[in-house]
Asks: 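Pasting a structure here, questions to come.
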Amino acid sequence: MTAQEKIQMYHQEQLLDFVDELEPDESEALEKQIESIDFSVLDGLKTRKEDTARGKISPLKAMELDEIDKRRDEFKACGIEAIKAGKVGAVLLAGGMGTRLGSNDPKGMYRIGVNKDLYIFECLINNLTDVVKEAGEYIHLFIMTSDLNYKATTKFFKEKNYFGYPENYITFFKQEMAPTCDYNGKVFLEEPGKVSVSPNGNGGWFLSMMNTGALDVVKKNGIEWLNIFAVDNVLQRICDPVFVGATIKENKAVGSKVVRKNAPDEKVGVMCLEDGKPSIVEYYELTDELLHETDERGERVYNFGVILNYLFKVKDLEEIVKHSLPYHIVEKKIEHIDRDGNTVKPDKPNGYKFEQLVLDMIHLADSCLPFEVVREKEFAPVKNKEGVDSVESARELLVKNGVEI
Ligand code: UTP
């Protein structure tokens with residue numbers, strides 16, 4: 001479809017507001033960009049209500065710490081064997097904008113160290129290196145970036161000499177982008193000759209691996225399992241042999257690290273079954289009755305929150321990716337130019353971004369093992385500058401866990 005046809009079909013004529021003022025190469029670039037954008041994400045604005053309807057929610061039993069402790073040696077031996085055989089890869093999801101942290105650099109470049117240079121990316125490489133040392137084998141690390149932070153991320157890693165990790169065990173790839181729009185569904189311009197686009201969420205990571213050739217590296221290396229994880233949890237254990245072994249031994253399509261909730265209504269996504277398939281529901285989607293439902297031991301059954309650390313079987317991912325994931329519509333502050341050409345830097349949300357989420361992939365998997373980990377040892381997210389899940393709280397947890405900062 002040509003740019004003109006797309007504009008008409010999706011009623012986005014405002015994208016050509018400044019076309020007469022552009023140089024020929026600029027208007028050609030704009031045309032090309034419009035041709036490449038998937039405007040169908042905007043359709044989600046019309047069908048919003050139906051999308052939020054959930055199926056029947058029931059409990060999904062987690063493997064808890066006491067059972068993991070009892071079987072630790074068995075799981076660990078199995079996990080180490082898989083890592084040694086090169087069957088396990090790691091995928092760092094670092095394509096997000098990290099807007100809440102408020103730094104213009106990619107989040108992983110944030111200096112979390114106080115008395116020494118220690119960056120978020122460095123913490124993650126150190127954590128992965130612990131397992132490499134234990135297994136005696138390097139683990140291939142894939143790093144997802146976006147058009148907006150690819151350059152800065154790759155340059156930073158190069159400058160820092162990949163924090164000692166061998167460069168040939170690291171593959172960077174880019175995720176897809178989606179247009180942003182105002183509350184009326186009109187797509188924003190970032191510049192007179194540039195449509196405003198934003199990373200399309202973390203759910204498209206495997207599709208992006210396919211599209212960019214990163215999956216060829218997975219195949220060539222014989223990697224059968226991929227451990228995906230968020231950039232912002234500095235205590236993240238990556239390719240943890242016990243977790244890998246438990247998922248393999250229990251014969252599950254996906255393993256999901258979970259933490260015990262602080263309170264029934266803690267604001268985290270919770271593992272459950274939805275219409276009999278593994279799923280994640282948000283705290284506000286659970287009724288009061290479900291929030292307080294207990295098992296025969298008196299323990300709450302929706303008690304384990306996800307921390308964005310999942311182990312996927314590559315074979316199953318190839319099936320999962322055949323289904324298209326829904327787009328979630330998220331209200332955000334979006335910088336753009338208005339119809340008079342003035343730059344707008346909003347201080348409160350002014351429009352929508354469209355994001356696919358990993359949690360929707362979980363629902364497409366046949367089975368999932370929620371695997372409990374100790375929150376204080378493995379969960380120190382850096383989302384905000386101050387307060388909850390902040391630089392400050394993560395620093396405290398790093399120190400508690402003996403990391404020199
Ligand atoms: P968040 O949901 O915290 O989003 O991402 P974010 O964009 O980084 O931060 P805010 O909301 O703007 O402050 C959780 C994980 O998913 C990755 C992030 O990099 C982080 O590791 N992610 C998010 C992507 O890789 N791509 C995306 O499009 C969005």
Side-chain angles (χ1 to χ4, degrees), residues 38 41 90-110 112 119-121 123-125 127-128 141-150 152-153 156 171-180 196-209 211-212 214 226-236 238 256-257 267-269 280 282 305-310 312 325-335 346 348-362 379-391 393-394:
D38 177 11
V41 299
V91 183
L92 165 55
L93 304 175
M97 300 286 285
T99 43
R100 281 170 286 173
L101 187 59
S103 158
N104 286 331
D105 288 331
K107 201 186 255 188
M109 285 173 62
Y110 195 87
I112 195 87
Y119 302 91
I120 291 183
F121 280 139
C123 288
L124 300 173
I125 293 283
N127 298 350
L128 181 61
L141 173 64
F142 298 86
I143 302 179
M144 182 162 90
T145 62
S146 80
D147 279 346
L148 303 180
N149 69 12
Y150 175 85
T153 305
F156 183 70
T171 302
F172 294 92
F173 66 100
K174 282 193 205 172
Q175 68 170 97
E176 326 288 319
M177 308 290 279
T180 71
S196 163
V197 288
S198 178
N200 74 341
N202 54 29
W205 67 275
F206 191 70
L207 195 63
S208 300
M209 285 186 85
N211 293 343
T212 55
L226 288 171
N227 186 184
I228 63 162
F229 60 99
V231 69
D232 43 36
N233 175 9
V234 285
L235 282 181
Q236 190 100 246
I238 306 151
S256 164
K257 285 206 164 185
K267 295 185 171 81
V268 287
I280 292 156
E282 290 300 337
V306 289
I307 59 169
L308 223 178
N309 186 318
Y310 302 104
F312 281 93
L325 296 181
Y327 269 97
H328 294 254
I329 300 164
V330 206
E331 273 192 75
K332 293 259 181 178
K333 290 186 243 175
I334 304 161
E335 262 189 54
K348 57 180 197 313
N350 61 328
Y352 299 124
K353 289 188 177 181
F354 298 85
E355 296 192 346
Q356 293 183 323
L357 302 178
V358 168
L359 53 88
D360 289 312
M361 288 179 99
I362 303 293
F379 191 45
V382 184
K383 296 281 184 196
N384 307 302
K385 241 194 168 124
E386 287 154 4
V388 181
D389 296 344
S390 65
V391 172
S393 59

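Ligands are counted one by one from 1 in listed order, and the atoms in each one are counted from 1 as well. Reckoned from all heavy atoms, side chains included, excluding hydrogens, waters and symmetry mates. Numbers for residues simply follow the sequence, beginning at 1. Bear in mind that the values here come from a model prediction, so they are computed numbers and not experimental data.
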Asks: Who pairs with Asp232 by side-chain hydrogen bond (donor to acceptor under 3.5 Å, both in side chains), at least two apart in sequence or on another chain?
Replies: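 Asp232: side-chain hydrogen bond (donor to acceptor under 3.5 Å, both in side chains) contacts with Lys107, Lys383.
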Asks: Heavy atoms under 4.0 Å from ligand 1: which residues qualify?
Replies: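 Close residues (ligand 1, cut-off 4.0 Å): Leu93, Ala94, Gly95, Gly96, Met97, Gly98, Thr99, Arg100, Met144, Gln175, Pro199, Asn200, Gly201, Asn202, Ala230, Val231, Asp232, Leu308, Lys332, Lys383.
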Asks: Name all residues meeting the side-chain hydrogen bond (donor to acceptor under 3.5 Å, both in side chains) criterion together with Asp360; count only those two or more places apart in sequence or in a different chain, and write none if there are none.
Replies: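 With sequence neighbours excluded, Asp360 shows a side-chain hydrogen bond (donor to acceptor under 3.5 Å, both in side chains) to His328, given in chain and number order.
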Asks: In this structure, is the centre-to-centre distance between the rings of Tyr119 and Phe156 below 6.0 Å?
Replies: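 Yes, ring centres under 6.0 Å apart.
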Asks: Can you sort out the partners of Gln175 under side-chain hydrogen bond (donor to acceptor under 3.5 Å, both in side chains), two or more places apart, ordered by chain and number?
Replies: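 Here the qualifying residues are Asn200.
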Asks: To the nearest 0.5 Å, what is the distance between OG1 on Thr99 and CG on Asn104?
Replies: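 Rounded to the nearest 0.5 Å, the OG1-CG separation comes out at 11.0 Å.
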Asks: Quick one: does any side-chain atom of Gln356 pair with a main-chain N or O of Leu325 as donor and acceptor, under 3.5 Å?
Replies: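 It does hold such a pair.
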